[in-house]
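Here the structure comes first, spelled out in structure tokens, and everything after it is commentary.
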Amino acid sequence: MTDSNRGPTGSTLLLFLTLLLPAGAATQQEVRDTFHLPEVVVTANRMATPQARIPQSVTTLHGDDLRARGVHFLMDALREVPGVQVVRTGSLGASTSVFLRGGNSNFVKVLLDGAPLNEPGGRFDFGSLTLENVERIEVVRGPSSVLYGSDAVAGVIQIFTRQGRSAPSISASLQSGTLGAFSGEAATRGAWERVDYSLSLGRTETGGIYPVNSEFAALVASGRVAVRPDDRSRLTLALRIQDSQYRFPTNSSGEVTDSNQFTFDDGVTISLEGTRLLTEALEGQLHLRVAQGERGFQNDPDSPADSMGFGFAGRRLSTTVRRGMDARLVWRGERGSVVGGSDWEVEQERRLARTASNFGEGVDISADSFEGDRWNGALYLQGTLDGPAGSIWNAGFRTDRNEVFGSFLTTQAGVVLPLGQNRRIRASVGSAFKAPTFSHQFANSPFEVGNPDLKPEESVAWEVGADAGFLDNRVVVGSSWFRQDFTNLIQYAFVGADLPSYFNEERARAAGVESSLTFRGPGGSELGVDHSWLDTRLVVDELQGEQAGEAANAASDRRLLRRPTHQVGVRARTPLPGKASLGLSATRVGDRADMDFRSWPAERVVLDAYTLLDVDLQLPLPSPWDSSSREQTPLLLTLRGENLADTEFESVVGFPGVGRRFLVGLRWNP
């Protein structure tokens with residue numbers, strides 16, 4: 001496939017138009033009011049809602065399926081979601097960003113059982129997040145600030161901890177492979193009477209792609225306990241504790257220069273939610289949450305003689321805390337539903353940094369620190385109404401009051417229109433915002449000075465989509481067009497000592513089409529193909545005169561960094577004798593623009609397109625006891641190969657991607 005900056009292909013447009021045609025004789029099943037999708041989604045409306053009633057694009061990934069295929073990192077699971085681009089700077093466990101529909105990497109809100117994992121200001125590192133005790137992952141594409149406030153500009157990724165649903169049981173898994181990979185998990189879960197629970201402890205270790213100082217290790221403990229005091233009440237506590245460390249030998253340009261520097265990412269997330277059915281239609285919910293993280297970097301001198309070069313040694317520690325409370329009412333009626341509530345959150349961050357450097361005149365010790373906090377209060381309301389001819393209407397608003405930047409209003413609306421037999425069109429529009437980081441506001445160092453007058457970054461987005469099922473939903477096709485306009489984007493510019501170095505200066509836009517085809521064959525076989533076309537641009541039309549001409553010429557052939565114009569995914573799975581199964585996935589990532597910092601000044605370059613091919617094999621093994629009455633064999637052998645073609649590629653200039661590797665695992669899940 002050859003990339004270009006042209007619009008979506010003719011086949012994509014033809015697919016979109018085909019969905020709107022009459023159903024004809026494609027299938028003889030009974031006409032349904034809405035397009036049939038079995039998934040129930042929580043994130044889009046903050047209540048369990050059939051996906052067919054949701055106007056936004058939503059993808060759900062299931063933890064058991066991912067683990068059975070040998071997928072261990074969340075970032076590898078997200079590669080399968082249309083519109084998502086995953087960018088990792090180096091080896092396994094390295095800093096990893098996610099770009100959703102062309103938005104910045106800090107425009108995605110990440111939630112764990114309703115608790116935000118992002119640092120204040122939106123940043124989140126996906127590199128160390130593993131899938132132990134994860135039940136499912138919901139990815140909502142499009143602005144979601146009405147329900148989730150700051151950071152939910154391009155979408156929301158919510159991770160749900162496993163529930164206990166049956167008799168108490170114990171499970172375990174081991175996985176090992178090339179590059180020194182090892183992971184293990186021990187878990188227990190179950191339910192009886194009015195209590196259900198899940199508990200898990202996991203350990204991950206791996207080497208890396210560099211010859212020295214390239215290891216990653218993580219220890220994760222997670223759990224969920226739900227208690228039902230009576231038939232109308234429920235109390236749920238979820239907890240996750242993570243301790244991870246990534247060792248890396250590279251500098252910011254990807255050159256191998258250091259033998260002992262490392263980063264660490266430790267965190268504790270607690271979510272406590274209580275619900276009470278007040279009437280047959282009205283439910284009260286109270287959600288308390290705490291997310292605390294300690295993240296940093298350490299680089300000690302490699303030897304007593306290591307005293308030359310800029311920044312040869314240093315340590316940085318950032319401690320962030322987000323505490324929140326969300327009180328809401330949920331009303332469910334025969335023709336619609338409404339959720340409304342009040343959200344209160346306090347964010348705190350403390351940063352300490354110490355650097356030693358030598359420019360030939362002796363060792364210079366410098367220190368940088370700041371401490372800040374801010375509160376944010378919000379009121380929100382969102383409703384869904386069943387309209388005429390089976391239509392479903394959705395609208396909502398939210399008003400935020402922030403201690404630093406004042407009041408902010410976001411809105412969204414959407415509609416789903418059934419077109420007869422398992423077909424629908426849908427449309428949505430919404431606005432969103434992202435608060436500045438604490439560094440943007442409070443930093444105070446020679447090269448970085450905060451600006452307390454910054455405004456939030458904003459966006460307005462539109463989406464129009466269509467979905468259709470044929471042959472009793474054995475063939476499902478879908479396509480979505482979207483556009484996002486970003487304003488008040490925060491940029492860094494050094495203008496002098498003691499002067500603010502951050503400004504609301506730029507505007508940008510991202511538009512694209514996401515299309516998918518799923519075919520479910522006999523015996524449980526399945527084939528899926530998805531294609532994303534994306535066009536991103538800086539907007540320079542507000543500049544005047546000669547400045548506008550220069551900026552337009554510079555930006556005329558530029559896309560936003562690290563976002564490919566085309567991305568294609570192919571997923572296939574087929575059952576084999578003896579309850580075994582074989583899976584194959586291929587991902588084609590088109591060329592992307594990036595900045596090469598190995599030269600000064602940094603040079604704009606284009607990274608080549610690449611294709612990754614993965615395969616997995618699931619083999620149930622005989623057990624020492626009779627499992628004929630069980631729904632699945634307790635012992636499962638998983639074989640997985642990643643990047644089978646050993647493709648050489650770069651997600652970021654100077655940082656090679658991981659080559660071919662193999663993993664073998666054993667899961668015991670009685």
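Keep in mind that this is a model prediction, so the values were computed, not measured.
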Taking the side chain as every heavy atom from C-beta outward, state whether [X] and [Y] have any pair of such atoms under 4.5 Å apart.
| X | Y | value |
| --- | --- | --- |
| R141 | L100 | yes |
| I159 | L129 | yes |
| E132 | T204 | yes |
| L534 | T565 | no |
| I490 | E457 | yes |
| D151 | N106 | no |
| K455 | F405 | no |

If you round to the nearest 0.5 Å, how far is CZ of R322 from CD of E345? 4.0 Å

Member of R426, R101, E514 meeting the side chain to side chain donor-acceptor pair (under 3.5 Å) criterion with S480: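 By the side chain to side chain donor-acceptor pair (under 3.5 Å) criterion, S480 pairs with just one of R426, R101, E514: R426.
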
Check ion pair [X]-[Y] (N to O, under 4.0 angstrom):
| X | Y | result |
| --- | --- | --- |
| R295 | E119 | yes |
| R509 | D485 | no |
| R571 | E526 | no |
| R592 | D594 | no |
| R559 | D591 | yes |

Does the ring of F438 carry R351 above it, NZ/CZ under 6.0 angstrom from centre and within 45° of its axis?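 Ring-cation test returns no.
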
Test salt bridge (Lys or Arg N to Asp or Glu O under 4.0 Å) on E603 and R598; report intermediate values, then the result. CA-CA 8 Å; E603 179 184 2; R598 292 172 294 189; over 6 Å; no

Which pair of non-hydrogen atoms, one from [X] and one from [Y], has the smallest distance, and what is that distance?
| X | Y | result |
| --- | --- | --- |
| L179 | T206 | O-OG1, 3.2 Å |
| N504 | N488 | ND2-O, 2.7 Å |
| A609 | R588 | CB-NH2, 3.6 Å |

[Y] and [X] side chains, donor-acceptor separation under 3.5 Å:
| X | Y | answer |
| --- | --- | --- |
| N643 | Y610 | no |
| S271 | D113 | no |
| R374 | Q441 | yes |

Evaluate the ring planes of Y502 and Y492, with Trp represented by its six-membered ring, and classify them as parallel (under 30°), tilted (30 to 60°) or perpendicular (over 60°). perpendicular

So does G149 get a backbone contact from the side chain of D400, meaning a donor-acceptor N/O pair under 3.5 Å?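 No, D400 side chain to G149 backbone: no donor-acceptor pair under 3.5 Å.
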
Residues E80, S585; criterion side chain to side chain donor-acceptor pair (under 3.5 Å); working and verdict: CA-CA 9 Å; E80 302 180 4; S585 68; 5.2 Å; no

Assess the pair F126 and F124: is the distance between their ring centroids shorter than 6.0 Å?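 Yes, they do, as the ring centres are separated by less than 6.0 Å.
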
